[in-house]
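Hydrogens, waters and symmetry mates play no part in the numbers below; they use all other heavy atoms, side chains included.
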Amino acid sequence: MKRDFRLGVVVMSFFVGKMIYAQSVENSLSKMQKPNILYILTDDQRYDSVKTFNKLIDGQEMSQLGYIESPEVDKLASQGTTFINTYCQAPGCAPSRATMHSGRYPFRSGIYEFEWHNNVAEHTNPSLPEQMASIGYQTFHVGKLGFRLKGLSKNGKPKGHKVYQTDIDFRRLGFEGLTDYTYGSIKELDGKPLNTPVNRVELFVTPEGKFEYVCDELIAQRKEYKSVAEDITKKYDLIRHYKKGAKESISKGMVISGVSPQPAGKTRDGYYAHFLNEYLVNENKGFNAGTLKFNGVDPSKPVFAHIGFDFPHTPVLPPADYRERFQKHTYKIPKVTDKELKSIPSQVKRLVNNKYTDHLSEEDLQKMIQDYYAFCAYGDRLVGKAANDFIAYSEKHNQPWMIIYVCGDHGWKLNEHGATSKFTPWEWDSHNPIIVVSSDKKKFPAGKVVKEFTEFVDIAPTALAAAGEKLTSEKYGYLDGLDMAEIIAEEAPIRDYIIGETHAVIGPRAYIRTKDYVLSLKTRPTRTEGEDMKWALSASWEDLDPALYDFKKDPQEINNVAFDKKYEQIAKMMKDKLLNIVLGDNRVEVNWEKQGTGTKIFRSNFAPGAHDYKLKL
């Protein structure tokens with residue numbers, strides 16, 4: 001009996017050992033099967049700069065304005081799934097990027113503009129790259145980030161907070177001369193200290209590595225730099241935006257047209273693509289970016305990489321060969337009428353007046369449009385390089401991979417509504433398709449097009465779910481978006497609408513869009529956090545400063561029918577839904593204070609559950 005018992009123990013130990021070993025192997029394989037993920041984001045890019053998007057949205061490959069090129073993004077679309085009706089939640093750089101990195105709507109994160117914020121406020125959660133790092137990913141970023149997050153020391157003072165383990169910042173590269181253009185602060189020039197530090201100087205870099213500075217504050221201290229600004233304006237054929245009635249300037253105003261000082265590949269975006277590849281090819285080795293030193297990838301861990309391209313954000317400076325090619329094409333210039341200008345809500349008109357372009361000459365408007373699309377075409381080449389390098393690295397190591405390409409943190413106007421820039425709820429500012437390409441073709445089929453609404457808040461849950469995380473766990477209960485793989489599989493709720501908010505430049509305003517209509521409203525009389533949070537619920541229709549467009553009849557969103565009696569019921573239903581969601585479904589506002597040190601929170605939750613994706617008009 002004793003021998004039998006011992007034999008049983010031995011046999012049992014053998015099987016338990018095998019089970020433990022099998023579980024260990026399974027866990028190890030599970031870790032190795034987390035896909036490498038590349039998140040590509042461009043800046044101020046309109047959907048009509050991509051042929052695939054135009055064909056799906058407008059029924060033709062070329063933009064309605066004219067000629068475009070996008071072979072690399074078109075290739076990504078053929079390899080993956082295109083979410084053609086994706087919209088941003090905040091048509092401004094910083095709040096839009098906060099939406100993507102936090103996975104939260106502005107009204108849930110409390111980030112509405114370009115304010116610095118912190119990770120100490122009690123409603124905050126780890127950012128997407130921090131969550132990825134917590135589950136075993138190594139994280140990498142190069143280029144523009146625009147996520148204005150700070151940490152706080154024990155005494156409440158602001159301190160830097162890195163959300164990516166390896167971060168190659170665009171400004172640091174710029175001051176290394178690895179760019180064609182950057183901006184920043186300087187305290188000395190030509191080895192001599194300035195009387196007063198200059199906070200924002202423009203810096204152009206020649207192919208020989210010479211720095212060329214432009215700034216009014218600098219000119220005031222060093223008169224000789226006025227001639228430098230004049231020379232640069234001529235040499236790079238710069239056109240700067242200026243307000244109607246004002247004088248053109250050689251040193252102020254965003255550059256809406258010009259040519260890069262550097263050849264293709266040596267611009268700031270070119271260096272971003274270059275250093276993503278440097279990170280991937282220098283496995284477990286160091287590499288340099290000028291005097292800066294970084295460590296390359298560790299192939300034993302999955303990688304979450306983010307490349308933040310600057311194109312086609314101002315200054316619009318395509319390389320010379322791209323510019324020359326696009327100047328051979330003539331573009332249709334959108335024009336605004338007095339009738340449209342009168343119907344634009346006064347709040348939105350602040351942006352139009354501030355960034356009005358219809359007063360520019362036909363020649364300047366033509367150059368503005370030519371250079372914008374030339375810049376997008378050059379950027380398309382870099383998107384292709386980044387994607388190809390990332391896939392090559394993953395396949396070299398026989399690792400699964402996924403690429404999330406986002407066409408702009410928001411869009412851009414090219415004289416539509418008489419203006420340029422962003423910050424408004426119009427289609428050109430907020431419609432930004434996404435392509436997801438994956439080695440897992442079952443989850444993200446090649447050539448598939450999803451027409452259901454998707455939003456930028458979907459990016460974080462999509463990446464986390466692909467990494468094997470269960471979004472139903474309490475850890476991720478704060479996420480506002482949906483897993484895009486589940487949208488493909490028809491396992492996610494179908495949205496009847498998308499929502500967003502825009503505060504920068506024009507003041508607090510929210511918008512709701514269905515397939516047929518878009519309504520935007522003023523949500524409060526001031527920007528002060530916690531003040532008059534429910535003002536819009538009792539404000540008159542006139543005080544809400546509404547804009548309603550019938551997208552079926554008016555796809556260019558020119559005829560504001562907010563005061564047309566025929567649309568009264570539709571306007572009321574959309575207004576009630578919008579205000580209940582953005583003002584009453586767990587709204588958060590934070591007095592972040594000037595340096596992002598504030599943690600005082602104001603809440604409004606009078607309509608919990610209002611955001612249920614349903615709106616039957």
Side-chain angles (χ1 to χ4, degrees), residues 36-57 60-63 66-84 86 142-144 260 263-281 305-313 316-319 321-323 325-326 329 370-395 401-409 411-412 432-439 441 444-449:
N36 297 324
I37 299 174
L38 174 62
Y39 160 36
I40 300 173
L41 177 63
T42 62
D43 198 345
D44 290 6
Q45 187 176 7
R46 296 158 55 111
Y47 77 74
D48 73 335
S49 60
V50 176
K51 287 183 178 180
T52 296
F53 301 158
N54 283 330
K55 194 168 184 180
L56 291 169
I57 296 170
Q60 60 186 44
E61 286 191 339
M62 293 300 169
S63 163
Y67 178 79
I68 62 164
E69 295 175 9
S70 56
E72 296 299 332
V73 174
D74 295 333
K75 179 181 174 185
L76 288 179
S78 70
Q79 294 173 331
T81 299
T82 299
F83 297 85
I84 195 62
T86 306
V142 62
K144 179 172 178 176
S260 174
K266 298 295 183 181
T267 67
R268 55 180 173 171
D269 289 307
Y271 277 110
Y272 301 163
H274 169 76
F275 284 115
L276 170 64
N277 191 52
E278 285 291 284
Y279 174 71
L280 296 173
V281 299
H306 171 38
I307 183 166
F309 286 115
D310 278 289
F311 83 88
H313 192 289
V316 180
L317 298 172
D321 54 341
Y322 280 83
R323 188 179 205 228
R325 188 162 74 251
F326 275 75
H329 299 278
Q370 289 169 334
D371 288 346
Y372 180 89
Y373 289 121
F375 209 10
C376 288
Y378 169 56
D380 177 82
R381 163 181 157 181
L382 299 177
V383 168
K385 172 175 168 49
N388 292 337
D389 290 344
F390 191 77
I391 294 170
Y393 165 79
S394 300
E395 292 185 345
W401 54 270
M402 183 170 81
I403 297 172
I404 303 172
Y405 162 77
V406 186
C407 180
D409 48 0
W412 188 256
N432 298 88
I434 289 176
I435 298 171
V436 180
V437 189
S438 173
S439 56
K441 298 303 179 188
F444 296 96
K448 186 174 180 62
V449 177

Ile391 and Val437: side chain to side chain contact (heavy atoms under 4.5 Å, CB included), yes or no, with the steps?
-> CA-CA 10 Å; Ile391 294 170; Val437 189; 5.6 Å; no
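- You'll find the side chain of Tyr272 reaches within 4.5 Å of the side chain of Asp310, heavy atoms only.
- For the pair Val406 and Tyr39, the minimum side-chain heavy-atom distance is below 4.5 Å.
- Between the side chain of Asp269 and the backbone N or O of Phe311 there is at least one donor-acceptor pair closer than 3.5 Å.
- Ring planes of His274 and Tyr271: perpendicular class, angle over 60° (limits at 30 and 60°).
- For the pair Gln370 (side chain) and His329 (backbone), a donor-acceptor distance under 3.5 Å is present.
- For the residue pair Asp48 and Tyr373, a side-chain donor N or O sits within less than 3.5 Å of a side-chain acceptor on the partner.
- A donor-acceptor contact closer than 3.5 angstrom is absent between the side chains of Ser70 and Asp380.
- Considering all non-hydrogen atoms of both residues, Ile57 and Pro433 come closest at CD1-CG, 4.5 Å.
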Run the side chain to side chain contact (heavy atoms under 4.5 Å, CB included) check on Lys55 and Asp74 step by step: do they pass?
-> CA-CA 11 Å; Lys55 194 168 184 180; Asp74 295 333; over 6 Å; no
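- Classification of the Trp412-Tyr372 ring pair by plane angle, with boundaries at 30° and 60°, yields parallel.
- In plain terms, the two heavy atoms of Thr52 and Ala77 that are nearest each other are CG2-CB, 3.8 Å.
- Each of Lys51, Gln45, Arg46 was evaluated against Ser49; a single residue qualifies, Gln45, per the side chain to side chain donor-acceptor pair (under 3.5 Å) test.
- Note that CZ of Phe53 and CD1 of Ile434 are 9.0 Å apart. Values are rounded to the nearest 0.5 Å.
- Put simply, CZ on Arg323 and OG on Ser260 are 11.0 Å apart, with the number rounded to the nearest 0.5 Å.
- Looking at heavy atoms from C-beta onward, Thr82 lies in side-chain contact with Leu56 at the 4.5 angstrom threshold.
- Using a 4.5 Å cut-off on side-chain heavy atoms (C-beta onward), Gln79 and Ile435 make no contact.
- At distances below 3.5 Å, not a single donor-acceptor pair connects side-chain atoms of Lys144 with backbone N or O atoms of Thr42.
- Each of Asp43, Val383, Val142 was scored for a side chain to side chain contact (heavy atoms under 4.5 Å, CB included) with Phe309, with one residue passing: Val383.
- Using a 3.5 Å distance cut-off with no hydrogens or angles, the side chains of Thr267 and Tyr378 do pair a donor with an acceptor.
- Tyr322 carries Arg325 over the face of its six-membered ring, with the cationic atom under 6.0 Å from the centre and within 45° of the normal.
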Derivation of the side chain to side chain contact (heavy atoms under 4.5 Å, CB included) call for Lys385 and Leu276 | CA-CA 10 Å; Lys385 172 175 168 49; Leu276 170 64; over 6 Å; no
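- When atom types are taken as modelled, the side chain of Asn36 and the backbone of Trp401 share no donor-acceptor pair closer than 3.5 angstrom.
- For the pair Ile307 and Leu382, the minimum side-chain heavy-atom distance is 4.5 Å or more.
- Two residues are said to be in side-chain contact when any heavy atoms from C-beta on lie closer than 4.5 Å; Ile68 and Val50 fail this criterion.
- Between Met62 and Asn54 there is no side-chain heavy-atom pair separated by less than 4.5 Å.
- Between the CG atom of Asn277 and the CZ atom of Phe390 there is a distance of 12.0 Å, given to the nearest 0.5 Å.
- Between the side chain of His313 and the backbone N or O of Asp44 there is no donor-acceptor pair closer than 3.5 Å.
- Among all heavy-atom pairs drawn from Asp389 and Leu280, the shortest one is O-CD1, 3.9 Å.
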